[in-house]
Each structure stands twice: as structure tokens, then as C-alpha cells.
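Working notes, beginning with the structure itself.
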2 protein chains.
Amino acid sequence: MAANSVLAPFRSGRHDHGHCIEDALKAAETVCRDRGLRLTELRRQVLEMVWTEHRPVRAYDLLDRLRETRGRAAPPTIYRALDFLRDQGLVHRIESLNAYIGCGSPLSQHSGQFLICRECSAVAELDDPAIEKLIKKRANDAGFQVVGQTIEITGLCPQCSGGDESSSPGSENALSEHA
Amino acid sequence: MAANSVLAPFRSGRHDHGHCIEDALKAAETVCRDRGLRLTELRRQVLEMVWTEHRPVRAYDLLDRLRETRGRAAPPTIYRALDFLRDQGLVHRIESLNAYIGCGSPLSQHSGQFLICRECSAVAELDDPAIEKLIKKRANDAGFQVVGQTIEITGLCPQCSGGDESSSPGSENALSEHA
DNA sequence: TCCAACTTGATATGATATAACATACCAAAA
DNA sequence: TTTTGGTATGTTATATCATATCAAGTTGGA
């Protein structure tokens with residue numbers, strides 16, 4: 001069960017996963033405290049679940065997991081938590097997958113730019129300012145005032161495109177198989 | 001019912017709408033003939049409906065309209081037609097809206113870059129090669145091999161951002177109201 | 001304490017999309 | 001002409017994703 005999906009640009013091996021979950025939760029606490037908002041147990045738990053997966057997770061999968069610890073829970077519960085976390089920039093929604101993923105840099109507001117592997121569902125968050133700027137410029141040239149950018153690139157991650165065979169790619173099609 | 005949503009970068013006024021539907025159908029015929037594929041009556045009709053709307057249209061709205069002329073029709077009917085048209089690059093899917101729109105330049109293969117107005121649902125298709133290239137470069141730098149790009153920019157079109165009040169913006173929130 | 005705002009629970013439903021199987025249609029081969 | 005194979009469409013059912021609505025509980029301040 002090698003976690004070969006990462007958030008910062010694809011790294012060859014694994015990383016300290018527990019550490020990055022912790023960081024995300026800490027950042028969330030900071031963000032909420034600074035903004036006078038409540039990181040309730042539910043919200044905290046959902047954020048932790050998102051980060052535990054560490055790849056795009058679907059709302060109903062989160063819901064199933066929530067039920068394991070919390071008994072009955074209905075769709076609005078998970079969507080409300082996700083909406084809160086999204087509003088605060090703590091998670092992103094991947095439109096092309098109808099799925100959610102933890103934000104790699106929650107302290108700065110941004111729309112997110114994602115590289116999504118077709119084979120293994122690994123996702124990297126780019127957040128390249130040059131891309132954002134160029135798009136903004138071209139939009140402005142057309143008289144368009146930019147509010148948000150959805151940038152989702154599909155393709156093959158380093159592991160799955162063949163260069164790196166060290167960590168069993170392909171076999172792990174995660175978005176649908178984390179029963 | 002002013003059609004202030006256009007496909008080529010936002011134009012201030014209206015355009016010859018009948019003409020652009022015709023063009024789209026002609027292009028579709030060319031494409032299909034060249035590729036040995038059949039532009040069946042259904043596919044043609046769906047493409048025409050998409051272009052008639054000339055803004056993002058949802059599958060079930062198309063389905064309703066299809067039923068007006070064709071009697072009973074089930075979801076797969078519309079989704080199959082849309083899939084065909086998408087495969088041939090004749091329509092694009094706007095992921096962030098779960099909606100479909102005619103492709104402005106169907107003769108060249110491309111992923112599409114969209115400017116989507118939050119107020120009036122007007123959509124412009126950018127297709128700027130520089131943006132595509134930059135994204136590809138940055139992805140490659142991260143070891144990622146690009147297959148497809150989803151680029152959807154939300155914001156305000158020239159009309160709705162205040163500069164141009166000539167053609168009644170805002171009042172026409174189309175995506176959900178073309179009953 | 002009491003109120004107002006916020007949060008969560010719970011039920012129902014809306015909206016989007018596909019699986020699975022049957023039938024129609026068309027053209028080339030037997 | 002019949003058979004056959006491929007493509008397209010019809011049909012039913014269901015999976016998947018998301019929100020409206022209202023009730024109940026919680027929190028923190030006046």
C-alpha cells in the first residue's frame with residue numbers, strides 16, 4: 001500500500017505521511033483561530049480523513065468512513081463539512097473527478113492547479129504563479145475579470161509514465177478502491 | 001432573449017446566430033465524413049440543440065428538448081450523443097458546471113480553455129497556445145506527462161463587469177432557466 | 001438566564017451519469 | 001435472399017453526486 005500519491009510535486013519515494021496530516025490539522029487550527037471560526041470535531045475529523053487518504057476522495061466515501069466512528073450520518077453532514085473546509089481553503093474540489101483533496105498550502109488563498117495521474121490517481125498540486133498570471137492576462141485582454149481558476153491536468157505521473165519502476169504503479173487505482 | 005453569450009472572445013453586441021449554428025453543423029459533417037463516421041439524425045439534432053442554446057447546456061435539459069420532437073428518450077440517448085460529439089471534438093464539457101457547449105474550433109484537436117461568466121453564464125473559448133504550452137512545460141518539469149487539460153476560469157464578462165451596459169446583463173442566468 | 005447565531009441531525013428529493021441488456025438498422029459476405 | 005457482423009439506438013434500472021428543508025442541539029455573549 002505504498003502511498004505514491006503526493007501533493008507537493010511528485011516525489012520519487014514515500015514521505016512522512018503522519019507528519020503531513022499533523023501539519024494540515026495544525027494549519028487548520030491556525031486558520032480558524034485567526035478568522036474566529038470553529039474547527040469543530042466534525043470538521044476536524046473530515047479534514048483528517050481527507051488527508052489520511054492523501055489523494056482525491058469522494059464525498060460518499062468520506063461519508064462511509066464517518067459512519068464507522070459516528071454512527072448514522074447523512075450526505076448533508078459531509079457536504080457541509082467539505083463546504084466549510086473549502087471556504088477556508090483547507091481542501092480543494094477536483095471538478096473533473098467529483099472528488100476532494102487536502103490543500104497543500106492552506107495559508108495562502110489560491111485556486112489550485114492539479115496534475116492528476118490517470119493510472120494511479122496520484123495528484124500533485126502545482127500552484128505556479130506564472131500560469132495563474134498568464135491566464136489572468138489573457139482573460140483581461142478579452143475584457144474578462146477573473147475570479148477563480150479551475151486547472152486540472154490529466155496524464156501520467158513520473159511513476160506511471162515508465163521512468164520510475166521502484167514503487168509499483170498502476171496496480172493501485174485508488175479513487176474507487178479504498179474499501 | 002439577447003444572446004449575449006458567445007464563443008469567440010466576448011463580442012460587445014450580438015452576432016449572426018443562425019450562421020454560427022450552420023457553420024457548426026457543416027464542420028461536423030466535414031469532420032465525420034473525413035473520419036468515416038456517421039453524423040446520424042440524433043447526433044445532428046443534439047449538436048444543433050447545443051449550438052442553439054449557445055451557452056453551457058445541461059444533459060437533462062437537452063433530453064427534455066429531445067423529447068419534444070422524439071417522444072420518449074432516456075438518459076443514455078443524450079449521453080451517447082454527447083460522448084460521440086465530444087470524442088470528435090465538436091462539443092466540450094464544462095466540468096465545473098456539469099454542462100456542455102459547442103466547440104468554437106472543431107477542426108483542430110484541443111482541450112479548450114473557457115472563460116465563464118458568473119452573472120450571465122456567457123462562455124468564451126480562449127484556446128491560447130501559450131497557456132497550454134506553459135502548463136505543459138511546468139508539468140513536464142515535475143516529471144508529469146500531460147494528456148489533457150481542463151481549464152475553466154470563472155469571473156465576469158465584459159458586459160457584467162460594468163464596462164458595457166448595452167445588452168442587459170445579469171438578468172439572464174441561463175444555465176438553469178431555459179424551460 | 002435568555003437569546004441569537006451557529007452547528008448538526010434527519011428526511012426527502014433533485015440532479016447527473018452509467019450498467020446492462022434488447023432491438024433496430026445497414027451493409028457486405030455467403 | 002439469407003446470414004452475419006458491426007454500429008446505433010431504445011429501455012429499464014440503478015449508481016453516483018448534491019441540496020432543500022426543517023428540527024434539535026450547542027455555544028457564547030448580552
Side-chain angles (χ1 to χ4, degrees), chain A residues 28 32-33 35-47 49-50 56-67 69-88 90-101 121 150 152 175-179, chain B residues 28 32-33 35-47 49-50 56-67 69-88 90-101 121 173-179:
Chain A
C32 289
R33 183 164 13 82
R35 299 177 189 168
L37 299 171
R38 294 167 54 200
L39 185 65
T40 63
E41 182 49 36
L42 173 67
R43 289 163 178 173
R44 197 191 139 84
Q45 192 180 347
V46 171
L47 182 60
M49 289 191 308
V50 168
V57 207
R58 295 171 300 176
Y60 274 66
D61 288 338
L62 291 171
L63 185 54
D64 288 343
R65 298 248 246 105
L66 200 62
R67 284 170 173 151
T69 62
R70 192 172 264 257
R72 298 198 301 159
T77 299
I78 201 74
Y79 281 107
R80 281 191 290 233
L82 287 171
D83 285 348
F84 174 87
L85 295 170
R86 286 215 284 156
D87 286 347
Q88 303 314 318
L90 299 167
V91 308
H92 290 289
R93 174 178 158 84
I94 310 286
E95 297 289 347
S96 57
L97 298 176
N98 292 337
Y100 303 82
I101 192 164
S121 297
T150 298
E152 298 173 8
L175 192 53
S176 43
E177 73 97 75
H178 75 308
Chain B
C32 289
R33 184 164 12 83
R35 298 176 190 169
L37 300 171
R38 294 168 54 200
L39 185 65
T40 63
E41 183 48 35
L42 173 66
R43 291 164 177 172
R44 198 191 137 83
Q45 193 180 345
V46 171
L47 181 61
M49 289 192 307
V50 168
V57 207
R58 295 171 302 176
Y60 275 67
D61 288 338
L62 292 170
L63 185 54
D64 288 343
R65 298 248 246 105
L66 200 62
R67 283 169 173 153
T69 62
R70 192 171 265 255
R72 298 197 301 160
T77 299
I78 202 74
Y79 280 106
R80 281 191 288 232
L82 287 171
D83 285 347
F84 174 87
L85 296 170
R86 286 215 284 155
D87 286 346
Q88 302 314 317
L90 298 167
V91 308
H92 291 290
R93 174 178 158 83
I94 310 285
E95 299 288 347
S96 57
L97 298 176
N98 292 335
Y100 304 82
I101 193 164
S121 295
N173 196 327
L175 192 53
S176 43
E177 69 108 65
H178 77 308

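To find a chain, count down the sequence lines: A is the first, B the second, and so on, and within it residues start at 1.
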Legend entry - Sequence-distant partners of B:Arg72, side-chain hydrogen bond (donor to acceptor under 3.5 Å, both in side chains), two or more places apart: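 side-chain hydrogen bond (donor to acceptor under 3.5 Å, both in side chains) list for B:Arg72, sorted by chain: empty.
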Legend entry - Spatial distance of atom CD (B:Glu95) from atom CG (A:Asn98) [nearest 0.5 Å]: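 Answer for the CD-CG pair, B:Glu95 versus A:Asn98, is 8.0 Å.
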Legend entry - Interatomic spacing from CD in A:Gln45 to CG in A:Leu66 - rounded to 0.5 Å: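 Interatomic distance, A:Gln45 CD to A:Leu66 CG, rounded to 0.5 Å: 5.0 Å.
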Inset, instruction - Answer yes or no: is there a side-chain heavy-atom contact under 4.5 Å between B:Met49 and B:Val57? - result: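 No, their side chains stay 4.5 Å or more apart.
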Below 3.5 Å between N/O atoms, which protein atoms pair up with nucleotides 4-7 of chain C? Just atom names and distances, please.
{"from": "C:dT7", "atom 1": "OP1", "to": "A:Arg43", "atom 2": "NH1", "distance (Å)": "3.2"}
{"from": "C:dT7", "atom 1": "O5'", "to": "A:Arg43", "atom 2": "NH2", "distance (Å)": "3.4"}

With sequence neighbours excluded, residues passing salt bridge (charged side-chain N to carboxylate O under 4.0 Å, His left out) with [X]:
X        : result
B:Arg67  : B:Asp64
A:Glu152 : none
A:Arg43  : none

Legend entry - Consecutive-pair stems (at least three Watson-Crick or G-U pairs, under 3.5 Å) that include DNA chain D: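 Stem list for DNA chain D: C:1-30 with D:1-30.
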Legend entry - Positional range of nucleotides in DNA chain D within the contact set of chain B, heavy-atom, under 4.0 Å: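 Going 5' to 3' along DNA chain D, contacts run D:dA8 to D:dT12.
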Legend entry - Under 4.0 Å protein heavy-atom contacts per nucleotide of nucleotides 10-17 of chain C, with B for base, S for backbone only and - for none: BB----BB
Can you list, pair by pair, the side-chain donor-acceptor contacts under 3.5 Å of residues 77-87 of chain B, counting residues two or more places apart and other chains?
{"from": "B:Thr77", "atom 1": "OG1", "to": "B:Ala74", "atom 2": "O", "distance (Å)": "3.4"}

Inset, instruction - Specify the closest pair of heavy atoms between A:Leu63 and A:Ala73, including all atoms of both residues, with the distance to one decimal. - result: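 So the two residues come closest at CD1-O, 3.6 Å.
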Legend entry - Closest contact, heavy atoms only, B:Pro56 versus B:Ala99: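 So the minimum-distance heavy-atom pair works out to CB-CB, 3.6 Å.
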